[in-house]
Amino acid sequence: MLGIRQKLSLGFGGLLLIVVIIGSQSITLLTSLGHSIDVILRENYRSVIASQEMKEALERMDGGALFTLLGDTDRGRELIAANEPAFEIALKVELDNITVPGEQEAAGRVETLFARYRTALKTVQDPALSLDARRGAYFADLFPLFQEIKTAADDILRMNQQNMIEANTRARTIAAAAKQRMVLLLLCGAFVALLFVLFIGRWILRPIHRLIRSMEEIRRGNLDLVVQAGSRDEIGSLSEAFNEMASSLREFRRDNRTRMARIQRSTQQVFKSLPDAVAVVDPGGSVEVSTKAAAEIFGLRPEVRVQDLGFGWMSGLFDEALRSGSIVEARGSQAVVQRFVRSEEHFFRPEAVPILGGEKNPSGVILVFKDVTRQMQQDELKRGVISTVSHQLRTPLTSLRMAVYLLLEEKAGPLTPKQTELLAAAREDSDRLHSTLSSLLDISRIESGKMQMNIRPEAPGEIVLEQVETFRSAAKDRGVTLTMEVPDELPEVLADPAQIGHVIANLISNALKHTSPGGEVSVSAASDGDMVSFTVADTGRGIPAPYLDKVFEQFFQVPGREAGSGEGLGLAIAREIVEAHGGTIGVTSEEGKGSTFTFRLRRAGQTAREGSPA
Ligand code: ADP
């Protein structure tokens with residue numbers, strides 16, 4: 001089997017061979033043509049000239065003889081002397097240039113006759129003889145010899161002319177034959193070239209095209225394709241390598257598919273056995289896969305559409321997560337959903353998590369329903385205990401404080417300085433206990449909804465100003481600059497001014513407490529969409545990052561700080577109040593640089609947002 005190199009060599013080699021044959025043939029033909037022409041020009045033409053010269057010289061010599069007979073002996077002798085050597089030279093040329101058959105004899109005859117002519121000429125020129133005798137010799141010998149020599153020379157001339165004509169005809173024949181042969185060779189060459197072009201297509205290009213087509217197929221994903229190797233040349237090797245590659249790819253795909261299927265099965269298995277209610281929903285809203293709990297509690301079975309389940313809040317969560325591309329938690333009254341599972345009351349906190357791939361839009365949403373029943377029960381229990389204990393402690397604590405106050409006022413008799421000191425410490429502690437109990441009772445009242453809220457449209461500037469004024473002198477005493485920035489054009493907010501005032505007071509009090517003299521506390525308010533945000537920022541010690549989301553928890557105090565008058569309830573109460581208003585509260589802080597507490601309240605005149613308490 002031939003390789004591409006051999007095939008190309010064969011094709012080009014054939015063409016080269018034809019070029020060489022045509023070339024060598026042309027050279028041979030031109031040489032033989034040249035030779036024929038050379039024969040004509042060189043050999044025959046020379047004999048023709050020699051014959052004519054002999055004839056001319058002879059005629060002049062004859063003229064010389066006649067002059068002699070007519071009495072002009074000198075002129076006659078002169079002519080003969082001039083032409084005799086010319087004849088001999090021409091004769092010599094002719095004798096050396098014999099080319100035609102019979103020419104040798106004719107030339108020999110001329111030579112013999114001329115020898116006799118010279119003898120006869122001498123007789124005619126002999127001055128010793130009489131004119132009559134010389135005239136008789138002329139007519140008897142010289143003139144017949146003159147005639148014969150002329151005839152012989154003519155013969156030579158004719159022979160050579162004849163030969164010239166024949167040579168010419170031969171040259172023409174050779175030229176015609178050469179032309180024919182050339183045409184034939186050219187046709188052969190063209191044929192071989194044509195074959196070469198055709199074979200290039202069949203031998204080289206077709207397998208390459210086949211390979212290109214196969215690659216196209218593979219690109220489209222048809223890995224089962226096998227390319228026919230067909231030949232054992234380079235293309236054949238390429239096809240084999242290609243088949244091996246396709247087979248490796250097939251194996252790779254098979255392995256991958258098996259692995260993917262295994263992973264998919266195990267993921268589904270694990271997913272289904274999750275205790276929480278979780279469902280994966282495609283962008284159209286159809287459930288793709290769900291846990292047992294999601295199917296039983298919320299009806300989220302595969303193929304079911306979220307929109308068809310009749311839970312407006314669920315569709316809302318799904319739509320928002322799909323649109324925003326970020327995690328969405330349920331808010332307000334829907335923050336916790338109550339459902340009965342096997343006749344038991346359960347609480348779930350819904351959350352929608354978008355599935356983000358490389359694409360711009362989420363490729364689905366995961367609905368997660370965290371079972372917060374236990375947490376709610378514990379909170380309830382804790383609230384109950386705190387509320388009960390606070391109530392139970394309040395009455396005895398009141399009489400205790402009263403007793404301590406009465407004793408300190410010496411209503412029950414004079415006190416020794418030591419007794420006064422001890423009673424003063426007891427008063428301080430009982431005051432702090434009283435404040436803690438009040439805070440706890442406040443919290444449980446707000447949480448249980450028993451706290452009477454007087455929510456109404458209120459100007460933010462007024463609420464803020466009242467609190468800032470209250471702290472003016474405290475700030476001055478501490479050497480801290482207290483500023484306020486509330487634009488007049490701010491819209492009114494929905495707030496219980498006493499409660500929100502309490503929140504602002506708590507934030508300002510904390511800020512002053514944690515800011516060293518020379519620092520600054522600024523209170524401001526600004527419009528924030530359909531909300532108004534209130535900010536209390538300070539340049540104080542700040543809150544370490546790990547505690548940022550803990551400061552709003554009950555009884556939390558940043559560790560490592562000297563125990564102040566607080567009991568870790570101020571921010572917890574603030575959050576309860578703000579959330580009871582349907583607002584949010586948060587903090588950002590950098591240790592050593594300061595903290596910024598911000599809470600948001602709804603603007604008056606806004607319709608209640610979905611999720612806010614009625
Ligand atoms: P307390 O009444 O004990 O201050 P809070 O609930 O008001 O309790 O605050 C919780 C914790 O947050 C406090 O222990 C305090 O260290 C920290 N904190 C509150 N406000 C600030 C602030 N402006 N700068 C630094 N730390 C603060």
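For ligands, and for the atoms within them, numbers begin at 1 and follow the listed sequence.
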Heavy-atom closest contact (G285 atom, Q307 atom, distance): CA-OE1, 3.7 Å
Per-atom contacts, ligand 1 versus Q557 - under 4.0 Å to a heavy atom: 3 (O), 14 (O)
Under 4.0 Å to a heavy atom of F556 - the qualifying atoms of ligand 1, by number: 10 (C), 11 (C)
Extract all donor-acceptor atom pairs below 3.5 Å that involve side chains of residues 457-475 and protein atoms in other chains or at least two apart in sequence.
{"unit_1": "E458", "atom_1": "OE1", "unit_2": "R456", "atom_2": "NE", "d": "2.9"}
{"unit_1": "T470", "atom_1": "OG1", "unit_2": "E466", "atom_2": "O", "d": "2.7"}
{"unit_1": "R472", "atom_1": "NH1", "unit_2": "L482", "atom_2": "O", "d": "3.2"}

Any F597 heavy atom less than 4.0 Å from ligand 1: yes
Atoms in ligand 1 with a heavy atom of V558 nearer than 4.0 Å: 14 (O), 16 (O), 17 (C)
Selected option - heavy-atom contact closest to atom 15 (C) of ligand 1, from K513, E553, H514: H514
Test ring pair (Phe, Tyr, Trp, His ring centres under 6.0 Å) applied to F252 - qualifying residues, sequence neighbours left out: none
Pair K370 + D276: basic N to acidic O under 4.0 Å: no
Proximal ligand 1 atoms for I543, defined as those under 4.0 Å from one of its heavy atoms: 25 (C), 26 (N), 27 (C)
Of the listed options T515, D538, L571, closest to atom 5 (P) of ligand 1 (non-hydrogen atoms): L571
Mutual orientation of the aromatic rings belonging to F298 and F348 [parallel < 30°, tilted 30-60°, perpendicular > 60°]: perpendicular
Subset of ligand 1 atoms that lie under 4.0 Å from at least one heavy atom of A511: 23 (N)
Nearest candidate to atom 7 (O) of ligand 1, where distance is taken over non-hydrogen atoms, out of N506, V536, N510: N510
Any donor-acceptor N or O pair under 3.5 Å, side chains R253, N256: no
Polar side chain donor-acceptor pair, H581 to D496, under 3.5 angstrom: no
Atom indices of ligand 1 within 4.0 angstrom of V551 heavy atoms, with elements: 6 (O), 10 (C), 12 (O)
Parallel, tilted or perpendicular: rings of F534 and F599 (30°, 60°): parallel
Under 4.0 Å to a heavy atom of G542 - the qualifying atoms of ligand 1, by number: 25 (C)
